[in-house]
There are 2 protein chains.
Amino acid sequence: MAGTDQLSAVFSALSDPTRRAIIAELAERDATVTELTAPLSISMPAVSRHLKVLERAALISRSRSGKWRASHLESAPLREAADWIDRYRRFWDSSLTRLDAHLAAVQAAGRATDRMVDDPRELE
Amino acid sequence: MAGTDQLSAVFSALSDPTRRAIIAELAERDATVTELTAPLSISMPAVSRHLKVLERAALISRSRSGKWRASHLESAPLREAADWIDRYRRFWDSSLTRLDAHLAAVQAAGRATDRMVDDPRELE
DNA sequence: CCTTCACTTAACCATATTGTTAAGCGTATT
DNA sequence: AATACGCTTAACAATATGGTTAAGTGAAGG
């Protein structure tokens with residue numbers, strides 16, 4: 001991954017189709033490494049390392065139960081990635097309906113995050 | 001980048017903070033390579049290659065005018081990335097109550113017979 | 001012209017990524 | 001107690017990434 005910041009780690013994690021497939025699976029239910037490996041055409045060590053990448057990006061959390069390790073999808077990093085892209089939603093969403101809805105949601109949630117939607121610039 | 005598909009290329013392009021800064025800049029106005037290089041702390045050849053990455057992901061288009069090459073932000077790939085992440089918006093969107101989220105999860109889990117049609121899982 | 005300017009390409013280096021197979025480690029099972 | 005299971009780590013190889021400086025290309029301009 002290029003940067004070591006959180007957002008870079010998230011986008012980098014999402015840039016692999018295997019990891020996106022894992023996220024799609026975990027969106028339905030928590031799963032063990034074996035369960036996640038089954039539909040994929042790669043070895044379990046490879047899946048294990050994909051999970052490590054997802055974990056480092058905080059996209060998943062993991063719990064141990066005996067010899068099984070369950071992976072669980074975490075929403076915060078996905079939200080941050082969506083928020084970053086949403087800065088540019090005006091470029092493609094002519095009606096701006098969804099942006100309005102999002103702004104309303106943010107407003108309802110609290111005013112601490114207002115600057116996030118106002119300033120499109122990234123300081124890095 | 002891991003995959004060679006469009007979405008992988010887009011997420012991979014977004015995984016670099018320099019490229020995100022370039023996108024933020026182009027969101028305000030089209031710019032030449034020299035203009036884009038000025039605020040960055042890397043050489044022009046490095047910027048040139050970042051632009052090539054963005055172009056390969058179709059995040060920007062470029063036009064030639066004499067000895068200047070202007071970069072222009074394209075919205076479609078950003079929209080596609082946003083659409084992918086939006087599949088999981090129910091996991092964090094505060095406008096959904098806990099019950100709504102639970103029902104959405106149950107619905108997703110119970111769609112086994114409809115997977116060929118609307119399964120959010122990605123095959124490649 | 002002949003140089004300067006804007007930019008790209010080439011060559012090089014260091015590091016990261018993604019896959020493999022084999023080995024290790026701890027928990028279950030028999 | 002011994003074996004099988006679930007998963008991770010190690011070691012290896014191939015390819016990609018991202019930075020540098022130096023050289024090349026083509027248009028502008030004195």
Side-chain angles (χ1 to χ4, degrees), chain A residues 1-23 25-26 29-57 59-72 122 124, chain B residues 1-23 25-26 29-57 59-72 122 124:
Chain A
M1 129 199 22
T4 47
D5 59 297
Q6 174 69 10
L7 202 47
S8 296
V10 173
F11 280 130
S12 181
L14 295 181
S15 75
D16 184 290
T18 297
R19 287 192 290 264
R20 291 198 303 276
I22 289 173
I23 287 175
E25 185 66 29
L26 294 177
R29 65 190 74 81
D30 291 358
T32 65
V33 182
T34 298
E35 289 169 342
L36 291 172
T37 302
L40 302 173
S41 54
I42 57 177
S43 66
M44 191 181 300
V47 174
S48 185
R49 293 210 307 194
H50 278 302
L51 292 174
K52 189 172 266 185
V53 171
L54 290 169
E55 191 176 22
R56 210 178 48 199
L59 280 160
I60 66 169
S61 58
R62 312 174 77 179
S63 58
R64 211 184 238 106
S65 175
K67 57 180 173 181
W68 296 276
R69 298 201 69 182
S71 293
H72 173 79
E122 181 172 77
E124 196 51 45
Chain B
M1 116 198 37
T4 47
D5 57 297
Q6 173 70 10
L7 201 47
S8 295
V10 173
F11 280 130
S12 181
L14 295 181
S15 75
D16 184 288
T18 298
R19 286 192 291 264
R20 291 199 302 277
I22 290 173
I23 288 175
E25 185 66 29
L26 294 178
R29 65 190 74 82
D30 290 359
T32 65
V33 183
T34 298
E35 288 169 343
L36 291 172
T37 301
L40 302 173
S41 54
I42 57 177
S43 65
M44 191 181 298
V47 174
S48 185
R49 291 210 309 193
H50 279 303
L51 291 174
K52 189 172 264 183
V53 171
L54 290 169
E55 192 176 22
R56 210 178 48 201
L59 280 160
I60 67 170
S61 57
R62 311 174 77 178
S63 58
R64 211 184 237 106
S65 173
K67 56 180 174 181
W68 296 275
R69 298 201 67 182
S71 293
H72 173 78
E122 180 174 77
E124 174 50 29

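Letters A, B, ... mirror the listed sequences (proteins, then strands); counts begin at 1. Being a predicted model, the structure only gives us computed values, none of them experimental.
- Using a 4.0 Å heavy-atom cutoff across all strands shown, B/R64 reaches no nucleic acid atom at all.
- Here the side chains of B/D5 and B/S8 are in contact, with some heavy-atom distance below 4.5 Å.
- Taking OG1 of A/T37 as the start and CE of A/M44 as the end, the distance is 4.5 Å to the nearest 0.5 Å.
- For the contact set between residues 32-43 of chain B and DNA chain C, defined by any heavy atom under 4.0 Å, the members are B/T32, B/V33, B/T34.
- Residue B/L54 holds its CG atom at 9.5 Å from CG of B/L36, rounded to the nearest 0.5 Å.
- At whole-Å resolution of the value, CZ in B/F11 and C1' in D/dT17 are 19 Å apart.
- Computed from coordinates, the A/R49 CZ to C/dA16 P distance equals 13 Å when rounded to whole Å.
- Here D/dA16 presents its P atom at 18 Å from CG of B/D16, a figure rounded to the nearest Å.
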Determine whether A/L14 and B/L14 satisfy the following criterion, side chain to side chain contact (heavy atoms under 4.5 Å, CB included), listing intermediate values before the conclusion. CA-CA 10 Å; A/L14 295 181; B/L14 295 181; over 6 Å; no
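- Atom pair B/E55:CD and C/dT8:P shows a separation of 9 Å (rounding to whole Å applied).
- Nearest heavy-atom pair across B/L26 and B/S71 is CD2-O, 3.5 Å.
- Whole-Å rounding puts the A/W68 CH2 to C/dC25 C1' distance at 16 Å.
- Contact check on B/D30 versus B/R62 returns no salt bridge, with no Lys/Arg side-chain nitrogen under 4.0 Å from an Asp/Glu carboxylate oxygen.
- Comparing A/K67 and A/V53 against DNA chain C, the residue whose closest nucleotide sits nearer the 5' end is A/V53.
- Following rounding to the nearest Å, A/R62 (CZ) and D/dG6 (C1') show an atom-to-atom distance of 12 Å.
- Between the C1' atom of C/dT17 and the NE2 atom of A/H50 lies a distance of 9 Å, rounded to the nearest Å.
- Distance A/M44 CE to D/dC5 C1': 9 Å, rounded to the nearest Å.
- An OP1 or OP2 oxygen of D/dT8 is reached within less than 4.0 angstrom by a side-chain nitrogen or oxygen of A/S48.
- Inspection of the A/R20 and A/S15 side chains reveals no N or O donor paired with an N or O acceptor under 3.5 Å.
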